[in-house]
Every structure is written in structure tokens, then in C-alpha cells.
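The block underneath contains the structure these notes are about, expressed in C-alpha cells.
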Amino acid sequence: MAKARVLTPKSESFPDWYQDVIAKAELAENGPARGTMVIRPYGWAIWERMQAEVDRRIKDAGAQNAYFPLFIPESYLHKEAEHVEGFSPELAVVTHGGGKELEEPLVVRPTSETVINAYFSKWLQSYRDLPLLINQWANVVRWELRPRLFLRTTEFLWQEGHTCHASEADARDYALRILSEVYEQFMVDVLAIPVLTGAKTENERFAGADQTWTCEAMMGDGKALQMGTSHLLGQNFAKVFDTQFLTEAGEREYAWQTSWGVSTRMVGGLIMVHGDDAGLRLPPALAPVQVVVVVVRDEGGAGEKAEALAKQLKAAEIRTELDARDTPFGRRAVEWELKGVPVRIELGPRDIASGNAIVVRRDRAEKETTPLDGLPVRLPEVLDEIQQSLMQQAKDRQEHRTADVATVGEAVGAARTGFARMPWDGAGELEDKLNQEGVSVRCLRRTDGSVPLSSDEDDLVAVVARAY
RNA sequence: CGGGGAGUGGCGCAGUGGUAGCGCACCUGCUUUGGGGGCAGGCGGUCGGGGGUUCAAAUCCCCCCUCCCCGACCA
């Protein structure tokens, strides 16, 4: 039986392929209102795993979770000039409540710097209260003209961290710590996505920040996706919300602040980095289901053996699912491939007779025969190999599709298939020209690849690309 | 918001003025199960919405809405 075409091939149309994966893997679909998204159980399981891993790292970095309101008085947004200017075009504003027009409109939070500062200003009294490290998991709304599931939806889910520090240096250190120890480490170790960390240009900076840093990743089509950002807010919000503390010397000083976030956009990135023409491919460290045990045909004790094996693997803390459904084998195989489950174990009467199982790796089209007894030992190794192989494949692509260039013309050419690295002029003329060609500066890095403390440093390298 | 494409059953589509169809999916039964199996029988649609032309509109005209692609804005 010939393989039926399951998805639009990536090479034919990457956007169609992306949508097909989301539909066929049952990750999400559009909500009834434009730009909204229904996240289906399997998509949610992936997001839950991301949340758990990011949350743990945030707590390791010392922050505590809290929750602030969805509705923010409109006047709060207006207190910080650049902030409101940046967000005005994408605000959803509530003007009526309880059947009456409100005295003051409420904005649905696009981010929570303002409302959180209103409370930080009450909570923060003394240098002894610092650092004040708060995170919240929430939904936010930014009106989008061109929504795309996971990548750009009007409502999306994220975590937003908000912190206060005694000095600019402390705040900067913390923003950079989150960038590397939480975001970069999570993306590399769990998502198996190589990311480029660096500073944003002034042009690309968060509205109201002194400095923005970013994690950028290359998607399967060579375009860039911003996977996470961390900001040094300086004293901009502290000044307008009067967030002050008494120093050891007894003087009043405005707090130095940061904010940082990652969102459901990461799910889109995960799809576009690892997915192939058979569907999603999930790194084992993230996968909600790491191993599926498929009963090919319940004869010769295959069903019983599969159930026992699944139980054994679960006991060994491998996230395992048993598939003993009475539907044709081929259909089920395709389904698990679409969903990107890293390892599929096939058990039928033949295997029971021979004492082996067929182990199928999702990272490459290969089946291997493994003794049944050896599986509990072998599987953790296989999962680890898959994790590494997905990372290696993503890394190879990123390297092969990144070119060092000298001119805008060359950069635009390189950006058709990937990234370009070029010397940064520091003035922004380069950026204007690139932007006119549909290419943007994704981040600025030092020549040795490390993250600059500021976009104003000398001798920086600009990484430029087309972006989502 | 500018340019281009498209809205017909859950999904994909055909249907240029005359009884709304096909494939897949779904349901029932039998048979199957080692890569989306086979046979038989079924359920399911105010043709995106509103208005107009006509004896008659999925089809022609007007307005609106939505989705997709490419641009400008963004996590």
C-alpha cells in the first residue's frame, strides 16, 4: 500500500504545511473571534510541559508567582509616554460594563508593567525589600491585523516577569540572567532549539525599555522567530508610578526594573524548527508522550505484553501511552507520527514469538529490532539520542544557512534562505535600508558571539533576517 | 490597513439560471489489522450573511462579514 499524502510538503508551501501540522496533529484551531485561538488538548499538553519547565527555572532564579488583573485603567497606560505610544495601536479597550458606559475605559492588558508598578510602589519601602522578583502566568491581548495560530494571535498566553533592583547594574544582571539561565537554557536543553541571544536595536526595543535582549531562532524556512525577550526598564516606570525605596543612606531612590516574557509563540517555533513532512517532531525532554506502545494486532498475547510493557515504562518515569485501539495499524502509525511522539514501539504476534519489539524513531525514518527485555534500558538511551539528534539537525541548518556579508544587497540575498551576519554601523542607516527590503535586524552580538550589555557597544555584529 | 486569492455537509472539492453532488471522515453490520484495508447499508448542507433581478439564483447585480497569501505593525 502506497503512503498517502498526509500534509502539504514543506517544500511546496511552508505556510500551508504549518497549518496542516496544527490541524492534523490536533494542536489548535481558530476561535470564533478573529485572532483568537482554541488550544486543543494535545496542543495544551505541549504548552503545559513548556510552562512546567520554564516555571521551574524562573523559581530557581528566585522569582515568585503572583497574579494581577486583566483590566487596567486606561490612564495607567498613558503615564509612560513611549509605552502608550508603542501599544496604543494594538489595545482592546472596554468602554461599557454592567449595561452602562464606564467613567474611565479599561484596557485589556497588553502587558502588565503599569498595573504591577502601581502595586510595587506600595510594596517597596526599603532597600531591604530588594530585589523584588515577581512573575505571573496570564493571557494578554494585542490587537493583531494578521493573526497566525501560535505565532501571532490577538489573545495569547505567556509569563511576564517584573522585578525591582537597587541599581542599574543589578537590574541588567538579572535581565541577562533570565535570558541565559531561564530562556536560552530551556530552549536549548528542552526544546532542542539553538538560539541566538543578543541585544535588540533601539528600533526593535520594547516600548518603554532602555534595553531589550532577545532569543532568536531560525525556522525550517530560514526565517527568524523571536522566542523570548528580556528588558531593562531602567527607572522609566518607577518614575511615573513613584516606585521608590529608601537606600541604606536613608535617601529616596527610584527602583531599577526589568521585565521579561515567553509566550505560546514558542509552540509555533517548536513546530517550525523540528517538524517534517510527516508532521510534528517533539524533543523527548518536552514531549507529553515520549513513547507509544502500539499493539499491531492482539494475537499471540501481544495486547497483554504491550500493556505490561507500558506499565513498566511508566514506572521507569518514561511518559508512555498504550495504543490498543481496534483501528487499522497504518492509520494509527500515521497519527502518532503527526503528533511527533519520539518513539513508537510496535508489538504484534511476530514480535511476541521472537521476543523482540520494533522500535521506530521519529527523528529519522528507521525501524530497529530490539529484544523486549532490553527496552527499559535501551529506551532512555534512544530518547537521549533523539534529543541530541534533533538539536544537531537544527544546528546544522542554522549554520549552513547563515552567511557573513558586507553589504545590504548581500544581506538581502542571504535573507532569502536564512540569516546574515554583518558589521553593525551603530547609526541605524543600515537598519532603515534593510527594513525597506523586508529584512530586519534580529539582534546585535559581540564578535565573539557573547551578548552585549547595550546596543551602543562598539564593534557589534548584526544578525539580520526575514522574521515572523 | 494596501495588493492578490477564496468562502458549497466535520475536512477537501465539483457544480455559469431549472430537483444540491462527489471523495474522505462519521454511524451500523460483517470482514480485516505488520504503513491511512474491503463490502454493504446509513446520518449529515437555509450553498458565508443581507438585499435585489427573475416564473426560477450556489450560479447574475449591490452591500457586508470571514479566511488564506504577499506587504506595513508586533511576543
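Lettering of chains follows the sequences in order, A, B, ..., and the numbering in each one begins at 1.
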With a non-hydrogen cut-off below 4.0 angstrom, is [X] in contact with a base, only sugar-phosphate, or nothing?
| X | value |
| --- | --- |
| A:Arg146 | base |
| A:Gly438 | sugar-phosphate |
| A:Leu225 | nothing |
| A:Lys200 | nothing |
| A:Pro89 | nothing |
| A:Asp16 | nothing |
| A:Tyr18 | nothing |
| A:Thr327 | base |
| A:Asp326 | base |
| A:Ser259 | nothing |
| A:Gln19 | sugar-phosphate |
| A:Asp20 | nothing |
| A:Gly261 | nothing |

When both hydrogen-bonding distances must be under 3.5 Å and the geometry is Watson-Crick or G-U wobble, what is [N] paired with, if anything?
| N | answer |
| --- | --- |
| B:G2 | B:C70 |
| B:U54 | none |
| B:G21 | B:C13 |
| B:C26 | B:G42 |

Interatomic distance where [atom1] belongs to [X] and [atom2] belongs to [N] [whole Å]:
| X | N | atom1 | atom2 | value |
| --- | --- | --- | --- | --- |
| A:Lys339 | B:G35 | NZ | P | 21 Å |
| A:Glu299 | B:U32 | CD | P | 10 Å |
| A:Glu144 | B:C73 | CD | P | 12 Å |

- Message: Could you check whether the side chain of A:Lys367 and the base of B:G34 have a donor-acceptor pair of N or O atoms closer than 3.5 Å, going by distance alone?
- Response: no
- Query: Can you find a side-chain donor-acceptor pair between A:Asn117 and A:Gln257 that sits under 3.5 Å?
  - Reply: yes
- Item | Sequence-distant partners of A:Asp55, salt bridge (charged side-chain N to carboxylate O under 4.0 Å, His left out), two or more places apart | A:Lys59
- Item | Residues in salt bridge (charged side-chain N to carboxylate O under 4.0 Å, His left out) contact with A:Glu366, at least two apart in sequence or another chain |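 So A:Glu366 forms a salt bridge (charged side-chain N to carboxylate O under 4.0 Å, His left out) with A:Arg364.
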- Task: May I ask you to evaluate whether A:Arg148 reaches the phosphate of B:C69, defined as a side-chain N or O under 4.0 Å from OP1 or OP2?
- Result: yes
- At what distance, to the nearest 0.5 angstrom, does CD1 of A:Ile46 lie from CG of A:Leu280?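 The CG atom of A:Leu280 is 5.0 Å from CD1 of A:Ile46, to the nearest 0.5 Å.
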- Please say whether the positively charged group of A:Lys339, taken as NZ for Lys or CZ for Arg, lies over the ring of A:Tyr42, i.e. under 6.0 angstrom from the six-membered ring centre and within 45 degrees of the axis. yes
- Starting at the 5' end of RNA chain B and moving along, which residue's nearest nucleotide shows up first, A:Gly228 or A:Phe329?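 Checking each residue's closest nucleotide, the 5'-ward one belongs to A:Phe329.
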- Query: Between A:Arg344 and A:Glu90, which is nearer to the 5' end of RNA chain B once each is assigned its nearest nucleotide?
  - Reply: A:Arg344
- Item | Check: A:His165 ring centroid to A:Tyr174 ring centroid under 6.0 Å |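 Distance test on ring centres: under 6.0 Å, yes.
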- Item | Distance between P atoms of B:G7 and B:U16 (Å, rounded) |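 The answer is 13 Å between these two P atoms.
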- Query: A:Pro328 has a side chain; which of B:C1, B:C69, B:G37 sits nearest to it?
  - Reply: B:G37
